[in-house]
Number of protein chains: 2
Amino acid sequence: MGVTINDIAKAAKVSPSTISRVIANNPRISAATRERVLKIMKEMNYHPNYIARSLAKKSTKIIGLVVPGSTENSFRHPFFPEILRGIGSVAYKNGYNILISSANTAAEEKQMAKEFAVGGITEGIILMTSMIKDPAVSELKKLKFPFVVVGRPQDDNEVNWVDNNNFSISYELTKHFIAQGYKKIAFLGVSYEYTVTIDRLEGYKKALEDNGLAFDADLTVEGKFIDDKGYDLMNKLFEKGIIPDAAIAIDDLIAFGVIAAIREKGLRVPDDIAVAGFNNAPLSEYMTPALTSVEVNAFTLGIKAFELLLADIESEHKSFNRAIVPGELIIRKSSIKTF
Amino acid sequence: MGVTINDIAKAAKVSPSTISRVIANNPRISAATRERVLKIMKEMNYHPNYIARSLAKKSTKIIGLVVPGSTENSFRHPFFPEILRGIGSVAYKNGYNILISSANTAAEEKQMAKEFAVGGITEGIILMTSMIKDPAVSELKKLKFPFVVVGRPQDDNEVNWVDNNNFSISYELTKHFIAQGYKKIAFLGVSYEYTVTIDRLEGYKKALEDNGLAFDADLTVEGKFIDDKGYDLMNKLFEKGIIPDAAIAIDDLIAFGVIAAIREKGLRVPDDIAVAGFNNAPLSEYMTPALTSVEVNAFTLGIKAFELLLADIESEHKSFNRAIVPGELIIRKSSIKTF
DNA sequence: CTGAAAGCGCTTACAG
DNA sequence: CTGAAAGCGCTTACAG
């Protein structure tokens, strides 16, 4: 703070333009003056002002990240920091900084996204959301501002997005149960507000169908994605007098609640009811029994999200892209038939 | 992008100064012109340029957050997003945005902190670190730039910091074991690079001492905080032929590895060895047995960190402050004597 | 190879 | 109540 390009110019007895060119590594500056200026910059402890440069260049090298906020547990989920790590790793390499903002409601989210877009502070936005009818998405579309959505948007027309192959991986997981002879497979935690849960439900349905099992709506329990307690969801089934032989939960945290409910009823996992989740929570491998899950590779999702955004910001030729990161089925004891 | 204060000025047939005053809600502007200008701003879809304003006002309303990066698992730990949520919640209320940066090494961390400080882009910094001899801390001290450290710094002279009462809460946890008659209590995961682990070790030692138990260095296993596998740490004890009757792990994730090692040896938790962790991971309550832990209230830590930073940025009278957020002992089955 | 000038889009004393 | 002017700290054609 304090020493500016003009101070250096005076001290070096050259013009500010020259200082600017030294900073920018402009090759037209003679080696002699370059050295002299660099030395003085160091002596006077000069550092270019990022804000002034941004204004002059009309480029801030900052991207905005809008995350769901305090009222939603999604923010607490381990995949969030993983995605952030992924974004950060490539952003850093490309000289971008990340401005982060959390919103508590869809309206707030739209507001934050808009502020980032119109304020001239960010050059692009990543939305950590995949909600149906997301107002932030329509707002950014309207503004024609570069952005990427993490999670398939309901209407993926004219938007960049990244996601897992939720349909396929859910299909595969369901098949893993069917192949072992399970027939009454429950699906817990669908929320019609999140495409991710819908896609997983569809994969499950298709797997049933392809293997001659009828889809039974009674085996599907609606929830609020990861905001709900698996314990409650499983008990809804029990209260209806339904005892499945297997249960797929939309998230590992839900799965643990499901297991708790099963045990409370005096049943065993996997012997009486086999269980699997999604998102491979850090502790899932340590549980007893270890939980079968799907690794979603959130770090890679973050990398892809940034790459798509960068392309949108820098490319001359506008296009809308998507990247699908494959999930990996991780089979552990909770879903392996023991008899 | 595009429409500036000058465009509005022309359209409204007033000077740019007047537009600026309307934006700033300056009371000296007549209601009539204010209304007219606001109307035109809306019609022309004008939004003030944040960067230009920052340059003119010499205030960006942005704080920097430096987090440990990809190579460290600390970033993956659930407390990270919790702290971020806490910071975000108050930052938002105070009109601050958060610029985030992750570093992989201590040197990189210092570099990021310095760039944030000297680049004129942030007005203060929160360091998510509590490492011994943190170069970022000394750098920011040298620059006399406002900052707050999450975690007690080794030398807390002239630094603002927030932390849990790690000594006391560890004391309390240890006493919980002693009170039940446990005598051979292991302590796993001390890292002399993190003050948090040292403080917890000291609390453990003091509790032993105050209750007539000798501290036995052989019962302490060093680790790399949450980067290490609890499984390996516990086996180090076993390999030395030591079988404790209780084990305190520096983190819940470590504790789960510890439990896995205990079981592999054919012993039971808590019957043969009682176990507890710290940081109350989201799944700890679902484990079998549910894990005794310490809730560190990371959200509150984040709030306090921002409040301290804000005070440093805005206060006329410089001072160095700290805030201690009490942890809460959460006793579950893993540490309750069954016989 | 270097400089003078204009400009990026705002704010803010100063003047009236 | 409003405006003209200078300034925030840079960059960048244009000129030489």
Side-chain angles (χ1 to χ4, degrees), chain A residues 1-38 40-41 44-62 95 97 115-123, chain B residues 1-38 40-41 44-62 95 97 115-123:
Chain A
M1 291 271 95
V3 31
T4 74
I5 213 172
N6 291 304
D7 301 326
I8 304 296
K10 270 176 209 152
K13 299 197 199 312
V14 288
S15 77
S17 323
T18 298
I19 308 297
S20 177
R21 293 191 182 104
V22 169
I23 296 168
N25 254 311
N26 186 317
R28 293 188 305 186
I29 299 294
S30 75
T33 53
R34 176 189 310 284
E35 292 315 315
R36 190 157 48 88
V37 167
L38 285 173
I40 292 175
M41 277 173 28
M44 298 181 64
N45 196 27
Y46 167 77
H47 298 280
N49 182 297
Y50 197 91
I51 300 292
R53 161 181 298 183
S54 294
L55 184 59
K57 296 189 78 164
K58 295 187 142 225
S59 152
T60 60
K61 287 275 184 178
I62 294 178
N97 277 308
E115 274 174 27
F116 277 176
V118 300
I121 190 164
T122 64
E123 301 183 0
Chain B
M1 289 271 94
V3 30
T4 74
I5 212 172
N6 291 303
D7 300 327
I8 304 297
K10 269 176 209 152
K13 299 196 197 315
V14 289
S15 75
S17 324
T18 298
I19 308 297
S20 176
R21 290 190 185 105
V22 169
I23 296 168
N25 253 312
N26 187 316
R28 291 188 305 186
I29 299 293
S30 76
T33 53
R34 175 188 313 283
E35 292 316 316
R36 191 158 46 89
V37 167
L38 285 173
I40 293 176
M41 277 174 25
M44 299 181 65
N45 198 25
Y46 167 75
H47 298 281
N49 182 297
Y50 198 91
I51 300 292
R53 161 181 297 183
S54 294
L55 183 59
K57 295 189 81 164
K58 295 188 140 223
S59 151
T60 60
K61 286 276 186 178
I62 294 178
N97 278 307
E115 273 174 29
F116 277 177
V118 301
I121 191 164
T122 65
E123 300 184 1

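Just so it is clear: chains get the letters A, B, ... in the order the sequence lines come, proteins before strands, and each one is counted from 1. Both backbone and side-chain heavy atoms feed into the values below; hydrogens, waters and symmetry mates do not.
When each of D:dT12, C:dC10, D:dC10 is scored by its nearest atom to the side-chain atoms of A:Ala52, the top-ranked nucleotide is D:dC10. With C:dT12, D:dT11, C:dG9 as the choices, the nucleotide that has an atom nearest any side-chain atom of B:Asn49 turns out to be C:dG9. When the nucleotides D:dT11, C:dT11, C:dT2 are ranked by their closest atom to the side chain of B:Ser20, C:dT11 comes out on top. The listed nucleotides are D:dT2, D:dG3, C:dG3; the one nearest the side chain of B:Ile29 is D:dT2. Looking at the side chain of A:Leu55, the nearest of the listed nucleotides C:dT11, D:dT12, C:dG9 is C:dG9.
Within 4.0 Å (heavy atoms only), B:Ser30 reaches sugar-phosphate atoms of the nucleic acid but no base atom. Across all strands shown, A:Tyr50 has no heavy atoms under 4.0 Å from either base or sugar-phosphate atoms. Backbone-only engagement by A:Thr33 is indicated by non-hydrogen atom pairs under 4.0 Å involving sugar-phosphate atoms exclusively.
A heavy-atom distance below 4.5 Å is found between the side chains of A:Ile23 and A:Tyr46. Between A:Arg36 and A:Val14 the shortest side-chain heavy-atom distance falls below 4.5 Å. Within the 4.5 Å cutoff, the side chain of A:Asn25 has heavy atoms near those of the A:Arg34 side chain. You'll find the side chain of A:Ile40 stays beyond 4.5 Å of the side chain of A:Val37, heavy atoms only. Put simply, the side chain of B:Tyr50 reaches to within 4.5 Å of the side chain of B:Ile62, judged on heavy atoms. B:Thr60 is not listed as a side-chain neighbour of B:Thr122, based on a closest heavy-atom distance of 4.5 Å or more.
Counting to the nearest Å, the P atom of C:dT12 and the CG atom of B:Asn25 are 14 Å from each other. C:dG9 atom P lies 15 Å from atom NE2 of B:His47, rounded to whole Å. Per the geometry, CG belonging to A:Asn6 stands 13 Å off P belonging to C:dG3, to the nearest Å.
Of all non-hydrogen atoms in B:Ser15 and B:Ala9, the two that sit nearest each other are C-CB, 3.8 Å. Nearest approach of A:Met44 to A:Val3, heavy atoms of both residues: O-CG1, 3.6 Å.
Scanning DNA chain D for stems, defined as runs of 3 or more consecutive Watson-Crick or G-U wobble pairs whose donor-acceptor distances all fall under 3.5 Å, gives the following ranges: C:1-3 with D:14-16, C:5-12 with D:5-12, C:14-16 with D:1-3.
Between B:Pro27 and A:Ala56, it is B:Pro27 whose nearest contact on DNA chain D lies nearer the 5' terminus.
Remark: B:Ser20 pairs with no residue by the side-chain hydrogen bond (donor to acceptor under 3.5 Å, both in side chains) rule, at least two apart or across chains.
Each of B:Thr18, B:Ile19, B:Val22 was scored for a side-chain contact (heavy atoms from CB on, under 4.5 Å) with B:Ile8, with one residue passing: B:Ile19.
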Could you pull out the protein-nucleic contacts involving nucleotides 13-16 of chain D (nitrogen or oxygen on both sides, under 3.5 Å)?
residue: D:dA13; atom: N6; partner: A:Arg21; partner atom: NH2; Å: 2.7

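Contact check, B:Lys58 against C:dT11: no side-chain N or O comes under 4.0 Å of OP1 or OP2. Not one side-chain nitrogen or oxygen of A:Thr4 sits closer than 4.0 Å to the OP1 or OP2 atom of D:dG9. Taking only side-chain nitrogens and oxygens, B:Ser15 comes nearer than 4.0 Å to OP1 or OP2 of D:dG3.
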